[in-house]
Structure formats: structure tokens, C-alpha cells
Amino acid sequence: MPNMKNAKKAVRANAKKTVENNYFEASMKTAIKNVEKAVLNKDKEKASETLKVAIKRIDKAVSKGVTSKNACARNKSRLTKKVNNME
């Protein structure tokens, strides 16, 4: 346990940031899984709806610094291809 006032504050701040980062990463991954699930069920309408949500969540995670821009672009590209290639 830290003794200095600024070190104690840093511990509190790190704990808060960790919770926020986990939330953004988890919501992003859940949205990606929802799109993939809709693609597997061959539900084009639901897949396109969940794709919009997933793209928003992925962009939000990047803006918060949870993932890198390249990983974001890769995820969005792969999901969009999956939805567009549905029959």
C-alpha cells in the first residue's frame, strides 16, 4: 500500500480506468459476437442491425484507447465482409 498522497491517488485512478477499459472492451467483444451469431443464423436483417452497433462500439473503444486503430479497422472490415457476403 502506498504511503504518499499522490501514489494513493494514482492507485484510485488506475482502478477507475481499469473498470472503464474493461467495460469498453467487453461491450465491443459482445457486439462482435452478436454480429457473428446473426451471420451464422443467416439472418441478414439482424446482422446488418448488429453490425451498426458493433461498429459504434469498436470506434468507441478506439477513441478511449482500449484497442489500436489497425485492430479496429481489421475488425470492422472482417465483420462488414461477413455481412455483405451473406446470401
* Do Phe24 and Leu79 belong together in a cluster built from hydrophobic side chains that touch within less than 4.5 Å? -> no
* For residues Lys33 and Lys37, determine if any side-chain heavy atom of one lies less than 4.5 Å from a side-chain heavy atom of the other. => no
* To do: Sequence neighbours left out, what passes side chain to side chain contact (heavy atoms under 4.5 Å, CB included) with Thr30? Give chain and number order.
  => Asn34
* How far does CG of Asn22 sit from OG of Ser27, to the nearest 0.5 angstrom? -> 10.5 Å
* **Set of residues satisfying side chain to side chain contact (heavy atoms under 4.5 Å, CB included) with respect to Ala13, sequence neighbours excluded** => none
* To do: Please name the pair of heavy atoms, one in Thr18 and one in Asn14, separated by the smallest distance, quoted to 0.1 Å.
  => OG1-O, 2.7 Å
* For residues Met28 and Thr67, determine if any side-chain heavy atom of one lies less than 4.5 Å from a side-chain heavy atom of the other. => yes
* Of the non-hydrogen atoms in Lys76 and Asp59, which two are nearest, and what is the gap between them? -> NZ-OD1, 2.9 Å
* Structure fact -> When every non-hydrogen atom of Met86 is compared with those of Ala38, the smallest separation belongs to CE-O, 4.3 Å
* Asked: Taking the side chain from Ser77 and the backbone from Ala73, do they hold a donor-acceptor pair closer than 3.5 Å?
  -> no
* Stepwise, does the side chain to side chain contact (heavy atoms under 4.5 Å, CB included) test hold for Ile32 with Ile58? -> CA-CA 9 Å; Ile32 290 170; Ile58 291 169; 4.1 Å; yes
* Give the cluster check for Val53 versus Val62: same hydrophobic cluster or not, with ILVMFWY residues linked at side-chain heavy-atom distances below 4.5 Å. => no
* To do: Compare all side-chain heavy atoms of Val39 with those of Asn85 and state whether any distance is below 4.5 angstrom.
  => no
* Asked: Between atom NZ of Lys44 and atom CG of Leu51, what is the distance when rounded to the nearest 0.5 Å?
  -> 9.5 Å
* Structure fact -> One should read off an interatomic distance between Met1 CE and Lys8 NZ, to the nearest 0.5 angstrom, of 6.5 Å
* **Asn21: partners by side chain to side chain contact (heavy atoms under 4.5 Å, CB included), with sequence neighbours left out** => Val66
* Asked: If you measure from NZ on Lys82 to OG1 on Thr80, what distance do you get to the nearest 0.5 Å?
  -> 11.0 Å
* Asked: Is there a path of hydrophobic side-chain contacts, each under 4.5 Å between heavy atoms of I, L, V, M, F, W or Y residues, that connects Tyr23 with Ile55?
  -> no
